[in-house]
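For clarity, every value in this text was computed on a predicted model and none was experimentally measured. For the numbers below, each heavy atom of this structure counts, side chains included, while hydrogens, waters and symmetry mates do not.
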Amino acid sequence: MMCAMTKQLLALAFGLSLMTACAAPAPAPVDTTADQTAIKEVTTTWFKAYNSGDAATGAALYAEDAVLMPPHAPVTNGRAAIQAFLAKDSAGTKAAGLTLVNGAETAGVNGDWGWNSGAYTVVDGSGKVVDSGSYLSVSRKVDGKWLYVRDTYNSDQPMPAPPAK
């Protein structure tokens, strides 16, 4: 004759084995290679647009409510303000004879969210590196298109010295 405690333990073990047998298998890994490539292509387009002074194309890569956090400048909120910033900043860079060059980068995707981070250099007309830095962009996929929602980059160089008084 089985004691009450033994019956309870057997019932518990049976219940646990049923739950384990009925548990859903782990989801198959999702191949995000195409989305990672698309995010990197957005970054390539950004560099081309910036270097050519095409602020409209550059700004179109951002969501309407995106935030741009450039070095040594105030945070810029919204696509229209980002376009104005890119127009002024890229014109100054171009007038100085400088070009931004994208370096090694990596991207990742989780559902409709993605990120891209990498390194960049700034070269003068002779190809000499005059600055370098890194960037991190967070993107969201909207209607099949990856758009920046947060974008920041920073220089590896120290802050410029304050002007002499």
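- Atom NZ in K141 sits 3.5 Å away from atom CG in D35 (nearest 0.5 Å).
- The minimum heavy-atom distance between S132 and Q157, with the atom names listed, is OG-NE2, 4.1 Å.
- Side chains of F85 and V75 form no contact here, defined as non-hydrogen atoms less than 4.5 Å apart.
- The backbone N or O of F47 sits less than 3.5 Å from a side-chain atom of N51, completing a donor-acceptor pair.
- Separating the OH atom in Y50 from the CG atom in N102 is a distance of 14.0 Å, to the nearest 0.5 Å.
- In this structure, N154 and Y120 approach most closely via the heavy-atom pair O-OH, 3.2 Å.
- Taking both residues in full, the closest heavy atoms of W46 and G58 are given as CD1-O, 4.4 Å, listed atom of the first, atom of the second, then distance.
- Taking CG of D151 as the start and OH of Y135 as the end, the distance is 9.5 Å to the nearest 0.5 Å.
- D112 and W146 get closest at one heavy-atom pair: O-CZ3, 3.5 Å.
- Atom CG in D31 sits 8.0 Å away from atom CD in Q36 (nearest 0.5 Å).
- Formation of a donor-acceptor pair under 3.5 Å by the T152 side chain with backbone atoms of M69 is found in this model.
- Closest approach of A60 to K145, counting heavy atoms only: O-NZ, 3.7 Å.
- Judged by distance alone, the side chains of Y62 and S137 never bring a donor and an acceptor atom under 3.5 Å apart.
- The environment of CG in N110 is sparse: at most 12 heavy-atom neighbours from other residues, nucleotides or ligands sit within 6.0 Å.
- Here the shortest heavy-atom pairing between V42 and L61 reads O-CD1, 3.7 Å.
- The hydrophobic clustering, which links ILVMFWY residues whose side-chain heavy atoms are closer than 4.5 Å, places Y153 and L86 together.
- Side-chain contact check for I39 versus Y148: every heavy-atom pair is 4.5 Å or farther apart.
- In this structure, T121 OG1 and D131 CG are separated by 9.0 Å, a value rounded to the nearest 0.5 Å.
- The CD1 atom of I82 lies 7.5 Å from the CG atom of N77; values are rounded to the nearest 0.5 Å.
- Follow the hydrophobic side-chain contacts under 4.5 Å out from V122 and you never reach V129; the two are in separate clusters.
- Between V149 and W113 there is a side-chain heavy-atom pair separated by less than 4.5 Å.
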